[in-house]
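All of these numbers come straight from a predicted model, not from anything done at the bench.
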Amino acid sequence: MATRPTLPRGHGSATPSRRGARVMPPLAWAFLCALFWAPTAPANAQGIDVTPTIPNPAVPVLDLQNENCRGTQGFGLLTYGTGSLSHHLADVCFVEASGLAVAGEVLRNLTLAGDGPNGRRYEDLSMGSDQYDRNAISFFPDANAPGCVNGLETIEMVSHTATGYDGYSGQGFGGFAYLVGYTLPVLAAHPPMAATEVLVGIRDSVHAQTGEPLDLFGDFYAQGDFSGQSGRLSGLVGGGYVFGTSGGEFAIEFDGLGGFRMSGLFETQSQRIAGHRNDEMVQLSGQVAHFRGHVIGENGQQLLGFGSSFGTFITSSGEAVPFRASMYLIACFD
């Protein structure tokens, strides 16, 4: 019997407020696409190269991949500003001996400031009067599927000096960036060739045209079937209190090196059948824009990943609203 995963840390009260950020105009994104089509290395710290790519030109999402990491490695969802208007994917590299963290953004001078059974926190103690004003990276016991993989930790990273890779040119996000993710203690080529329950969530939703934050989020439970280098998620049902009757299918392809990509379509109806607000979602359809994750554990017993999606939902007043949103996936094989 598979362990039912829980909602991940960082998708709730730990996530910065989703209000008040400025919106990147379409021309800025078009300029960014042209800028990043050729591979570049915008950040280089102690030989750690960061290469941003645009996996899908239809959505403003970058995939920031590290090379030459000689420290703790991880992966996460990187957002800029307090509005979560831009959600990118980023490899993480933390070199404790030199106090360096690289995840698209570069944090330096990090010192162990908190240590206990519930986690470790490293801060730039030269910044601000308390922890809330300082650049920091923290490691906690796995909050996604506790006990599934030994050594797996949840990561949270905060930068108050972010320079940005998303076309804001220092404006709109106030130098603030936030990452939530996980460490990569050991990877496997693929998970067990077995079925398990998989949790797929939608978060950080914004209006696809205006960038206005939307009160739209929800979760699916799906049946995952895996064999060799591929997998399929089907039989979607709504999880939690938002998504109700659902459908769709996701395809997963493993790269044989411990990573995977996911694609697919999904649709759902609101679990609420009466008493809607005028702007509340009653039905939704969308697709995966880009998704990257990992097969964690010596036997591949846990899947974790982040990505982005886009689509349209219908409100109770009949308005069709285009959206884009972040995604996550959690699964644990016993």
Side-chain angles (χ1 to χ4, degrees), residues 4-18 55-56 58-61 76-79 83-89 143-144 178 180-181 197-224 233-252 261-272 276-277 279-293 303-316 320-331:
R4 170 166 282 201
T6 58
L7 298 184
R9 186 185 185 96
H11 289 273
S13 59
T15 306
S17 168
R18 293 179 168 82
N56 187 335
V59 293
V61 175
L77 182 74
L78 176 66
T79 61
S84 298
L85 299 182
S86 54
H87 33 269
H88 308 308
L89 308 183
N144 298 314
Y178 172 82
V180 61
E197 192 171 58
V198 180
L199 176 67
V200 178
I202 305 295
R203 293 292 187 275
D204 303 312
S205 299
V206 297
H207 194 291
Q209 296 174 350
T210 68
E212 178 70 18
L214 298 172
D215 185 21
L216 174 67
F217 61 90
D219 302 287
F220 301 104
Y221 281 106
Q223 186 68 21
L233 308 184
S234 57
L236 274 63
V237 296
Y241 301 96
V242 180
F243 291 170
T245 302
S246 303
E249 187 171 290
F250 300 101
I252 290 180
R261 303 293 176 100
M262 185 173 77
S263 60
L265 305 172
F266 55 91
E267 60 184 13
T268 189
Q269 296 180 11
S270 172
Q271 188 167 263
R272 176 179 289 277
H276 300 89
R277 301 188 314 267
D279 62 349
E280 193 170 347
M281 181 272 293
V282 294
Q283 64 183 66
L284 173 151
S285 61
Q287 66 184 80
V288 180
H290 178 61
F291 196 100
R292 185 157 66 96
L303 301 182
L304 290 174
F306 289 101
S308 61
S309 63
F310 65 96
T312 302
F313 69 89
I314 308 299
T315 69
S316 60
V321 180
F323 75 91
R324 54 183 174 85
S326 67
M327 300 183 70
Y328 63 86
L329 178 150
I330 308 168

Would you sort out whether F250 and V198 count as a side-chain contact (heavy atoms from CB on, under 4.5 Å), showing the intermediate values?
CA-CA 11 Å; F250 300 101; V198 180; over 6 Å; no
Between V321 and L216, does the side-chain contact (heavy atoms from CB on, under 4.5 Å) criterion hold? Intermediate values first, please.
CA-CA 11 Å; V321 180; L216 174 67; over 6 Å; no
For A289, is there any backbone N or O sitting under 3.5 Å from a side-chain donor or acceptor partner on N56?
yes
Where M262 and V288 come nearest, the two heavy atoms and their spacing
O-CG1, 3.4 Å
Check A320 against T312 and note the closest heavy-atom contact, atom names and distance.
CB-CG2, 4.0 Å
Within the structure provided, determine whether H207 and P322 are in side-chain contact (heavy-atom separation under 4.5 Å).
yes
Answer yes or no: is there a donor N or O on one side and an acceptor on the other, between the side chain of S316 and the main chain of R277, under 3.5 Å?
yes
Taking all non-hydrogen atoms of both residues, which atom of A222 and which atom of L236 are closest, and how far apart?
CB-CD1, 3.9 Å
OG on S263 to CD1 on I252, rounded to 0.5 Å:
9.0 Å
Is M327 close to I202 at the side-chain level, that is, under 4.5 Å between some pair of heavy atoms?
yes
Go through the steps for S308 and R324 under the test side-chain contact (heavy atoms from CB on, under 4.5 Å), then give the verdict.
CA-CA 7 Å; S308 61; R324 54 183 174 85; over 6 Å; no
For the residue pair S246 and F220, what are the closest heavy atoms and their distance?
OG-CE2, 3.4 Å
Result of checking L329, L303, L304, L199 against N144 for side chain to side chain contact (heavy atoms under 4.5 Å, CB included)
L304
S285 (side chain) donor-acceptor with E267 (main chain) under 3.5 angstrom
no
Please round to the nearest 0.5 Å and tell me the distance separating atom CE of M281 and atom CD of Q271.
10.0 Å
To the closest 0.5 Å, what do you measure between OG (S309) and CG (D204)?
10.0 Å
4.5 Å side-chain heavy-atom contact, F266 and V200
no
Without swapping roles, check the side chain of R203 against the backbone of G218 for a donor-acceptor pair under 3.5 Å.
yes
Pairwise distance CZ(F243) to CZ(R272) - rounded to 0.5 angstrom:
15.0 Å
Evaluate side-chain contact (heavy atoms from CB on, under 4.5 Å) for F306 paired with L78, printing each intermediate quantity in order.
CA-CA 10 Å; F306 289 101; L78 176 66; over 6 Å; no
One should read off an interatomic distance between F313 CZ and D279 CG, to the nearest 0.5 angstrom, of 7.5 Å
Just verifying a value: how many Å separate I330 CD1 and E197 CD, rounded to the nearest 0.5 Å?
11.5 Å
Would you say CZ of F310 has more than 12 non-hydrogen atoms from neighbouring residues, nucleotides or ligands within 6.0 angstrom?
yes
